[in-house]
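These notes concern the structure reproduced below.
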Amino acid sequence: MAEAALTNPGESPARAAGWQGIAADWSSDQRAFKNVSWGKAMMWIFLLSDTFIFSCFLLSYMTTRMSTTVPWPNPSEVFALNIAGRHIPLILIAIMTFILISSSGTMAMAVNFGYRRDRVKTAVLMLVTAALGATFVGMQAFEWTKLIMEGVRPWENPWGAVQFGSSFFMITGFHGTHVTIGVIFLIAMARKVWRGDFDVERRGFFTSRKGHYEIVEITGLYWHFVDLVWVFIFAFFYLW
């Protein structure tokens, strides 16, 4: 009581010294994350580990491109489409990027309505996000098909460096797999939201406490991460 009386209002209490101070510093992290749910914490840990994987892929791509002595294909020519007799570079990639970035907006709106417990709007926006993601994957499949028909393989490239094919299929394929998983998960969670599983706390797969739409926010974290990764892939692979 005497120590509390000596502390003026608005001032922080004196910091403990020695081992007690060290223990207080370490336990402060535990207190800071004590109110964070396991779902959010595990998603952040997963995204951190996935960041390392994508970073390794992009660093490997840049190292390969800068070290090869064979000319690297020009992305503006490789990823161009002939539309109405005109050669338009990167038109497909630009549309894909616009669609994926737009899906990030609809996902943010879904999280917002989830906080308001508006299950109908939340479910609809999650389905719209899934539809945009599926459109992105479909356009990516078209891009793969076009390059394969033109002779691009993981071990072969008609336009120059053979590493181009392996880098392209590895990086875009790994990202496309993430988008596909996200689409499936969005549809599954939208169905649960639409049925009101989070309002009645119906037991099942990924059902949170009654009245909580936390899984929508967790899904949004994953989806925004996928969109952010695509921005780096777009910049390093298609614009460089």
Side-chain angles (χ1 to χ4, degrees), residues 45-105 107 129-186 221-240:
I45 292 174
F46 167 77
L47 295 181
L48 181 62
S49 63
D50 227 21
T51 300
F52 291 141
I53 296 175
F54 275 107
S55 299
C56 290
F57 281 173
L58 291 175
L59 287 172
S60 299
Y61 165 73
M62 289 186 289
T63 302
T64 300
R65 180 164 179 176
M66 289 186 295
S67 61
T68 182
T69 57
V70 182
W72 199 264
N74 186 355
S76 298
E77 297 177 359
V78 175
F79 301 106
L81 291 179
N82 290 316
I83 302 176
R86 298 182 59 185
H87 194 70
I88 305 178
L90 299 175
I91 181 63
L92 180 64
I93 310 303
I95 296 174
M96 291 169 59
T97 303
F98 175 78
I99 289 175
L100 202 59
I101 298 301
S102 299
S103 72
S104 189
M107 187 69 240
T129 305
L132 292 173
T135 303
F136 174 87
V137 174
M139 298 180 75
Q140 192 173 63
F142 172 79
E143 179 189 36
W144 275 42
T145 303
K146 175 180 175 293
L147 291 181
I148 291 173
M149 292 179 63
E150 291 174 349
V152 179
R153 302 288 187 274
W155 57 87
E156 185 179 355
N157 173 32
W159 297 301
V162 294
Q163 296 93 335
F164 171 81
S166 58
S167 301
F168 171 78
F169 289 123
M170 178 185 66
I171 295 175
T172 60
F174 192 63
H175 178 266
T177 301
H178 279 69
V179 177
T180 303
I181 294 173
V183 168
I184 296 172
F185 198 76
L186 277 167
L221 290 174
Y222 176 86
W223 195 258
H224 293 319
F225 170 79
V226 170
D227 291 354
L228 179 62
V229 169
W230 176 254
V231 172
F232 285 95
I233 294 176
F234 176 77
F236 285 100
F237 204 96
Y238 295 100
L239 298 182
W240 181 15

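In this chain, residues are counted from 1 in sequence order.
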So, Trp223 versus Ser103: side-chain donor-acceptor pair below 3.5 Å or not? yes
Does the separation of the ring centres of [X] and [Y] fall below 6.0 angstrom?
X      : Y      : value
Phe232 : His175 : no
Phe237 : Tyr61  : yes
Phe136 : Phe98  : no
Trp230 : Phe225 : no

Less than 4.5 Å apart, any side-chain heavy atom of [X] and any of [Y]?
X      : Y      : answer
Leu81  : Phe142 : yes
Phe174 : Ile53  : yes
Pro75  : Leu239 : no
His178 : Ile181 : no
Val231 : Asp227 : no
Glu150 : Leu147 : yes
Arg65  : Trp240 : yes
Ile83  : Ile91  : yes

Quick check: closest heavy atoms across [X] and [Y], and the distance to 0.1 Å?
X      : Y      : value
Ser76  : Ala80  : O-CB, 3.3 Å
Trp159 : Val152 : CZ3-CG2, 3.3 Å
Ser166 : Pro154 : CB-O, 3.3 Å
Met107 : His224 : CB-CE1, 4.1 Å
Gln140 : Gly176 : OE1-CA, 3.3 Å
Gly133 : Val179 : O-CG1, 3.7 Å

Does the [X] side chain pair with the main chain of [Y], one donor and one acceptor, at a distance under 3.5 Å?
X      : Y      : result
Ser67  : Thr64  : yes
Tyr238 : Ala94  : no
Arg153 : Ile148 : yes

With rounding to the nearest 0.5 angstrom, report the [atom1] to [atom2] distance, [X] to [Y].
X      : Y      : atom1 : atom2 : value
Asp50  : Ile45  : CG    : CD1   : 13.5 Å
Thr172 : Met170 : OG1   : CE    : 9.5 Å
Trp72  : Gln163 : CH2   : CD    : 6.0 Å
Phe57  : Ile233 : CZ    : CD1   : 10.0 Å

With side-chain contact (heavy atoms from CB on, under 4.5 Å) as the criterion, how do Leu221 and Leu47 come out once you've worked through the C-alpha distance, each side chain's angles and the decisive distance to 0.1 Å? CA-CA 9 Å; Leu221 290 174; Leu47 295 181; 4.3 Å; yes
Can Met139 and Ile99 be said to form a side-chain contact (heavy atoms from CB on, under 4.5 Å), step by step? CA-CA 10 Å; Met139 298 180 75; Ile99 289 175; 3.6 Å; yes
If you apply the rule side-chain contact (heavy atoms from CB on, under 4.5 Å), what do you find for Glu143 with Ile93, and how did you get there? CA-CA 9 Å; Glu143 179 189 36; Ile93 310 303; 2.9 Å; yes
Check the angle between the aromatic planes of Phe168 and Phe164 and answer parallel, tilted or perpendicular using the 30° and 60° thresholds. parallel
